[in-house]
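Structure first, commentary second.
For ligands, and for the atoms within them, numbers begin at 1 and follow the listed sequence. Numbering of residues begins at 1 and proceeds along the displayed sequence.
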Amino acid sequence: QHAPNTADNKQAIVHLFEWRWADIAAECERFLGPYGFGGVQVSPPNENRVITSPNRPWWERYQPISYHLNTRSGNDEDFKDMVHRCNEQGVRIYVDVVINHMCGAGGSGHGTGGSYFNTDSLEFSGVPFGANDFNDCGTCGTSDCNIHNYGDANQVRNCRLVALLDLKLSSDYVRGKIADYLNYLISIGVAGFRVDAAKHMWPGDMAAIFGRLSDLNTAYFPSGSRPFIFMEVIDLGGEAISSSEYTHLGRITEFKYGMQLGYVFRKQNGQKLAHLANFGEGWGMQLDNNALVFVDNHDNQRGHGAGGQSILTFRDSRLYKMANAFMLAFPYGFVRMMSSFYWDQWWEGGKDKNDWIGPPADGSGNTMGVSINNMGTCDNGWMCEHRWRQNRNMVTFRNVAAGHGMYNWWDNGNNQIAFSRGDRAFIAINNEDWSALDATLQTGLSSGDYCDVISGDLSNGGCTGKTITVGGDGRAHIHIAGDDEDPIIAIHADSKV
Ligand code: LM2
Ligand code: CA
């Protein structure tokens, strides 16, 4: 389904990429619950191949070995504990499910949970899957079984994506094993799924699997609740497969969104902020209710996936905060924020040769815990973008504005914009290089003093940042210098001083 099953109609989730389950549980209690985050997308929890060359890359988790919950993020008990503790805080868990394929061709061994596999005999004893459970080269139609032509829908769905052994999802047995895995996660209390590589699966096969899913666990959800489904379909146009083929099943990851937002904030391709007034559907993206939107994701922040050099990440922190603020303020799509780990890039020939580097780990390859310093930000190489004040306060903004459309759009014809969300919230952004935004604008809000949640916080009835005064006519004088550290002002009904 398209609705996210969040508690209290919360409007945004965060991808805690490669975090350990124990750290996510703690983060739900100490941060995500209190700040109004609706949920967490977690990395694939099922047993994966152990890749040692390169050494423990993040992408080994996209090479399933079985559906036992045993990875560098933790085991079955850790996972259950996390789901329970997060739900208790009103924070949902969405699982990244890798069901298009098992691991890459070549070799044999044991997965992170100890299950045996052999890619020549196609034996995955932990499931079990065997030779009959994979698409053969005949149905695929290429000589090496791999996908070569994205203009051919049959190849894209029946051949191997980067040599990953392609499951035969037309098989009743295979569908049953996958449904059992998803139903096990549902029984634990998860709220939905991010479906990996959905473009590489036939919509009919996916419909058959989703049709076998149980209702959500009534310990946490109203009876009859259905899992939230958002499918990773990379569709920038120009290929055989369109994301519209999947929207009856749930939301799709709208990759045009982050790519275009990158162009707009970087002022490339002739773009400017004034063009954002009809962002979303007006730009050829999916309908609001069918879209899951994000500035960057775990793939395109490192040159994998789609979007290329336009994608904004934590490395472009000023523009990144501006793009995130726009995303969280603008009423389009269901929002996912990215929370990353740091790695040193190594650019050669236009490519980052370190794009494989896995999460912070000790010498034995164990993922390091996330430690929080006294600034409330993270150490040990965890970026925690979701904890940056500007980002986390915009999650509250989106919750406060929920259900209210965009009004009072204003722009200077170039790179200064402002708009309100009904009478609930107001934002102004100045992306001019030199000139200040200096104007008296309609905020839609009732009169009073409001704390700008970008430059500070409302605390003990006072504001630690800029205070904005809204007059009896709803107008306020807005001044944002061109070189402001964060050239954004955001106020809302709950930030009234
Ligand atoms: C996805 N969406 O469709 C994920 O978001 C993406 O991160 C996954 O690719 C992909 N699908 C498959 O689940 C990543 C990564 C690839 C990596 C695969 C498998 O972007 O680079 O491929 O996971 O781990 C790696 C090697 C590749 C090799 C393959 C199989 O980079 O060169 O292909 O393993 O051995 C010969
Ligand atoms: Ca496939």
Distance alone, cut at 3.5 Å: any donor-acceptor contact between the side chains of Asn9 and Gln11? yes
Does Arg302 make a cation-pi contact with Trp59, if we ask for NZ or CZ under 6.0 Å from the ring centre and within 45° of the axis? no
Taking the six-membered ring for Trp, is the centroid-to-centroid distance between His84 and Phe79 below 6.0 Å? no
Ligand 1 atoms in contact with His101 (distance to a heavy atom under 4.0 Å): 12 (C), 13 (O)
What part of Asp299, side chain from CB on, backbone N/CA/C/O, both or neither, has a heavy atom under 4.0 Å from ligand 1? side chain
Counting only heavy atoms on the protein side, is anything nearer than 4.0 Å to atom 32 (O) of ligand 1? no
Parallel, tilted or perpendicular: which fits the ring planes of Phe129 and Phe134, with parallel below 30° and perpendicular above 60°? perpendicular
Examine the side chains of Asp166 and Asn135 and answer whether a donor and an acceptor come within less than 3.5 Å of each other. yes
I'd like to check which ligand 1 atoms, numbered from 1 as shown, lie under 4.0 Å from a non-hydrogen atom of Val162. 22 (O), 28 (C), 29 (C), 30 (C), 33 (O), 36 (C)
Select one of side chain, backbone, both or neither to describe which atoms of His298 lie under 4.0 Å from any atom of ligand 1, heavy atoms only. side chain
Under 3.0 Å from the Ca ion (ligand 2), can any N, O or S atom of Arg157 be found? yes
Return the option from Trp59, Tyr62, Trp356 holding the heavy atom at the smallest distance from atom 17 (C) of ligand 1. Trp59
By number and element, which atoms of ligand 1 are closer than 4.0 Å to a non-hydrogen atom of Asp196? 1 (C), 2 (N), 3 (O), 4 (C), 5 (O), 11 (N), 12 (C), 13 (O)
Which of these, Glu60, Arg61, Gln63, has its nearest heavy atom closest to atom 35 (O) of ligand 1? Gln63
Distance only, no hydrogens: is a donor on one side chain within 3.5 Å (strictly under) of an acceptor on the other, for Asn391 and Tyr320? no
Taking the six-membered ring for Trp and the single ring otherwise, decide whether the centroids of Phe193 and Phe228 are under 6.0 Å apart. no
Verify the distance criterion only: is there a donor paired with an acceptor across the side chains of His2 and Asn290 at less than 3.5 Å? yes
Going by the atom numbers of ligand 1, which of them fall below 4.0 Å from some non-hydrogen atom of Ala197? 2 (N), 3 (O)
Counting each atom of ligand 1 from 1 as listed, which ones have a heavy atom of His304 under 4.0 Å away? 15 (C), 20 (O), 21 (O)
If you compare the SG positions of Cys159 and Cys140, is the separation below 2.5 angstrom? yes
Does a side chain donor of either Tyr62 or Asn100 reach within less than 3.5 Å of an acceptor in the other side chain? no
Using a heavy-atom cut-off of under 4.0 Å, does the side chain or the backbone of Arg194 touch ligand 1, or both, or neither? side chain
Report yes or no: does His200 have an N/O/S atom closer than 3.0 Å to the Ca ion (ligand 2)? yes
Suppose we only count N/O/S atoms under 3.0 Å; would Asn100 qualify as near the Ca ion (ligand 2)? yes
Counting heavy atoms only, which part of Ile234 comes closer than 4.0 Å to ligand 1: side chain, backbone, both or neither? neither
